Amino acid sequence: MPDRPIPTSYAHLVRVDDGKWARAAWLIAGLILIVAVPLAMGNGSIAPEWVGVAIQAQIFIVGAVGLMLLSGVTGQLSLGHAAFLAVGGFAAANLALDFGLPWWVVLPLAGLISALVGVLIAPFAFRLKGLYLAIVTLGLVFVIQHVLLRWTDISGGHRGTAVPMFNGFVDDPENMTPMEKAEAGFGREPWEIGGVFMGRDVQMYVVFLLVTVAACLFARNVLRTRMGRAMAAVGSGDIAASVLGIRVKWVKTAAFGLSSFYAGVAGAMWGWKQTYLTVDPPFDLHLSMEFVAMIFIGGLGTVMGAVLGAILFASGRPLAAELAELPFLRDSSLQEGDIVLFVFGATVIVFMLFEPRGLRGIWSRVKRYFTTWPVK
Amino acid sequence: MTEKLLELAGIGLSFGGIRALDAVDLNLEEGELLAIIGPNGAGKTSLFNIISGVYAPSEGQVSFRGRDITRADSRRRAELGLARTFQNLELFPLLNVVENILVGRHRHLRSGVLAGGVWFGKARGEEIRHRARVEEIIEFLEIEPYRSDAVDTLPYGIRKRVELGRALAMDPTVLLLDEPVAGMNNEETEDIARLILDIKEEFGIAQLLVEHDMGVVMDLADRITVLDYGRVIATGTPDEISHDQAVIGAYLGREGAEK
Ligand SMILES: Nc1ncnc2c1ncn2[C@@H]1O[C@H](COP(=O)(O)OP(=O)(O)OP(=O)(O)O)[C@@H](O)[C@H]1O
Ligand SMILES: [Mg+2]
């Protein structure tokens, strides 16, 4: 016996949300994030340091969603994610410095350049599985670091390079004075709403919020359509997937391309946040591992998992830093970085033991509680 | 002579020293249900793997409607209309029931990453159309209550149906079923047997059925091929096979040896 009414049209079955209450909840959350939060940031209710955390979280979300598509869904474990962020970050720097392109043109281009590198790496995944692929992608981090450091025209070598974020097209960016560059830059003019002034960081939060939401929705849509299902199929094994008519190599290539597109966009965002980039830090193996940990803690295979994991990591660092101020830890010989690492390591282990489905698992239990309430 | 739907000629397959298949000839006609039986390790699953392009045979030829497909990969064969289920379920744990079956529609859908990510337009229309087809299959298999469930929460028998649904969603010409009623109780077995018969009679899909349950095989099969140690020892109607001395010998001999 069917447990619900016989559908007369299938349009409602393919919708993302769970009905009008869920939609209302998302709408309210969206309004808070894009109206209330920026105002609170502007008038100082949210400390500047937490504005930085929010922006870092947005960057992590875009990056983590990208890795989730490749490793969490398509099952291609990559330790090379930091390399793709680096490509995107330095692509963004050079597209602005050499061609004077505005940020909204640079953003997709940085993604595309990184995606191109991803597509070139994809053939390694045709043969190599699991840890072998992980090792090759690990090597990629060192190769990209090496190439970038040597290619000083692009990266500025060990000194690094400025990453301008121009509002519009700029003529002859190479002969601009620093003053002129600053004038053409993003966030120069404060926004004013109802007497509240919002500077560069708050504006960046708003713009990045739109980018992040678009990135999440796009990923969500990919996952509920043909290619996303094919990626999930490949993720559980090449044989069953190809017997069902899926071009496994093409799906892996697409997954690498898509994932590194996200990483490239995240790298560009990273550059703009910092205004200045060096190769290492931040684009090292440690960053790759952090992204892997994010999607693990968040719960493999879902956009929501990647988002939750990324938020946890972005806010975990300052929280752990405050932990380091506790008397018994402050007096110990532990560095702040050690404590951060320890906390994250312990969190990963706890999740593996008690909640293998990650934060996403907890989330769906909470959701089930409310949708079935008051039944249970 | 009419053109055979699926024809295997002189198929051999070795794993190191093991001769899994040896000089196997087999053909399947349009709309026919051919059962393949044989003791454990006789090479039945290996034969399926060769037909679906998972293994390449060491010798011999596979043809589909007169066309040599021995070198074609699995994906190409799926495109030609070959579908199969697996002895040890191969469902996709990240996907729910509907999504698993939708994977079977893969070759009938067109949207790529970009169209899918944008959703509105091409992808949405396509999803709705094919969702309708999937709902028909869900109804046919009587698994409506499970449509949005995660597959790893389902009872074994339901999982088997979902996998069958996924293969049916391909709209195949030939369906290979590897032990579809293994591990099921009598009632479930009868349900699946009825579905297999419907697939043959209503949809006209030719089927190769590997099954140890002799009741099911005798009831459903038009013809039976018996494998033993990788060789075909008999082919014929259920009636002929049940009186074949070589077959009786192979089964009794093996069982006798085990006791
Ligand atoms: N990938 C493989 N590598 C090595 N040997 C294999 C492989 N696949 C099958 N074999 C061997 O080939 C022979 C045939 O195996 P197959 O799985 O085809 O038998 P089967 O008839 O399907 O048996 P069952 O009824 O138990 O499913 C067995 O001896 C098996 O051990
Ligand atoms: Mg078998």
Side-chain angles (χ1 to χ4, degrees), chain A residues 1-4 6-7 9-16 18 69 72-75 115 214-251 253-255 257-258 261 300-302 357 364, chain B residues 49 52-54 73-79 82-84 86 89-95 98-100 102-120 122-124 126-132 134-135 138-139 142 144-148 163 166-167 169-170 176:
Chain A
M1 279 290 287
D3 63 343
R4 43 200 106 176
I6 305 293
S9 132
Y10 295 106
H12 74 283
L13 288 177
V14 297
R15 279 209 305 257
V16 158
D18 312 316
L69 292 169
V73 176
T74 320
C216 291
L217 287 178
F218 190 90
R220 183 72 190 76
N221 286 336
V222 168
L223 289 182
R224 63 174 169 148
T225 50
R226 175 170 172 268
M227 283 303 280
R229 288 189 297 263
M231 284 159 62
V234 170
S236 42
D238 294 5
I239 290 178
S242 59
V243 164
L244 283 153
I246 292 168
R247 272 177 217 268
V248 173
K249 288 179 182 172
W250 168 238
V251 170
T253 306
L258 186 60
F261 181 89
L300 289 179
T302 61
R357 287 168 65 213
S364 55
Chain B
N49 281 334
S52 57
V54 177
D73 63 9
S74 297
R75 188 198 59 80
R76 180 89 193 90
R77 297 183 198 206
E79 210 103 284
L82 266 145
R84 72 173 284 189
F86 294 86
L89 294 164
E90 297 278 356
L91 289 172
F92 306 126
L94 274 184
L95 305 178
V98 163
E99 291 167 331
N100 262 280
L102 273 166
V103 177
R105 298 300 294 164
H106 184 85
R107 74 187 179 103
H108 301 290
L109 273 71
R110 288 288 157 264
S111 67
V113 170
L114 206 55
V118 171
W119 175 248
F120 291 101
K122 185 177 170 185
R124 182 172 180 273
E126 187 177 77
E127 288 296 318
I128 293 173
R129 270 196 314 282
H130 290 270
R131 179 63 188 261
V134 167
E135 289 295 328
I138 286 177
E139 206 174 304
E142 295 172 0
E144 293 96 331
Y146 305 99
R147 58 158 87 69
S148 326
E163 214 196 28
R166 191 177 66 185
M170 296 170 76
L176 316 182

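Residue numbering restarts at 1 for every chain, and letters A, B, ... go by the order of the sequence lines. These numbers come from a predicted model, not from an experiment.
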Non-hydrogen atoms of chain A under 4.5 Å away: do they reach the side chain of [X], the backbone, both or neither?
X	result
B:Val54	side chain
B:Leu114	both
B:Leu95	side chain
B:Leu94	side chain
B:Arg166	both

Requested in this report: Salt-bridge test for A:Arg229 and B:Glu127: reply yes if a basic N is under 4.0 Å from a carboxylate O, no otherwise.
Outcome: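 A salt bridge links A:Arg229 with B:Glu127.
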Query - Proximity breakdown for A:Val73 and chain B, heavy-atom pairs closer than 4.5 Å - result: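 A:Val73 touches chain B through backbone and side-chain heavy atoms alike.
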Query - Per-residue contact mode, A:Ile246 against chain B (heavy atom under 4.5 angstrom) - result: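 Answer is both: backbone and side chain atoms of A:Ile246 are under 4.5 Å from chain B.
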Hey, which of [options] has the most heavy atom pairs under 4.5 Å with chain A?
options	result
B:His130, B:Glu142, B:Arg77, B:Arg110	B:Arg110
B:Gly53, B:Ser111, B:Ala123, B:Ser52	B:Ser111
B:Val103, B:Leu102, B:Ile138	B:Leu102
B:Val118, B:Val113, B:Val98	B:Val113
B:Gly117, B:Pro93, B:Gly112, B:Ala115	B:Gly117
B:His106, B:Glu90, B:Glu79	B:His106

Query raised in the report: Is it true that the NZ or CZ of A:Arg220 lies under 6.0 Å from the centre of B:Trp119's six-membered ring and within 45 degrees of the ring axis?
Result: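 Verdict for B:Trp119: no cation-pi partner in A:Arg220.
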Query raised in the report: With respect to chain B, which residue among A:Gly235, A:Gly72, A:Gly228, A:Ala240 yields the maximal number of heavy-atom pairs within a distance under 4.5 Å?
Result: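 Ranked by contacts with chain B, first place is A:Ala240.
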Query raised in the report: Is there a side-chain contact between B:Phe92 and A:Leu244 (heavy atoms, below 4.5 Å)?
Result: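 The answer is yes, as the side chains (C-beta and beyond) meet within the 4.5 Å cut-off.
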Query raised in the report: Does any non-hydrogen side-chain atom of A:Trp250 lie less than 4.5 Å from one of A:Val234?
Result: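 A:Val234 does not reach A:Trp250 side chain to side chain.
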**Report entry** Exercise: identify the closest heavy-atom pair between B:Ala167 and B:Ala83
**Finding:**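 Reported closest heavy-atom pair: O-CB, 3.7 Å.
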Query raised in the report: Only one of B:Glu99, B:Glu139, B:Glu135 forms a side chain to side chain donor-acceptor pair (under 3.5 Å) with B:Arg147, so which one is it?
Result: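 Passing option: B:Glu135.
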Query raised in the report: Say you draw a straight line from CZ of A:Arg226 to CZ of B:Arg107; how long is it, rounded to the nearest 0.5 Å?
Result: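 Answer for the CZ-CZ pair, A:Arg226 versus B:Arg107, is 12.0 Å.
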Query raised in the report: If you measure from CG on B:Leu91 to CG on B:Asn100, what distance do you get to the nearest 0.5 Å?
Result: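 Here the interatomic distance stands at 5.0 Å.
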Query raised in the report: Can you find a side-chain donor-acceptor pair between B:Asn49 and B:Arg84 that sits under 3.5 Å?
Result: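 Side-chain D/A pair, B:Asn49 to B:Arg84: present.
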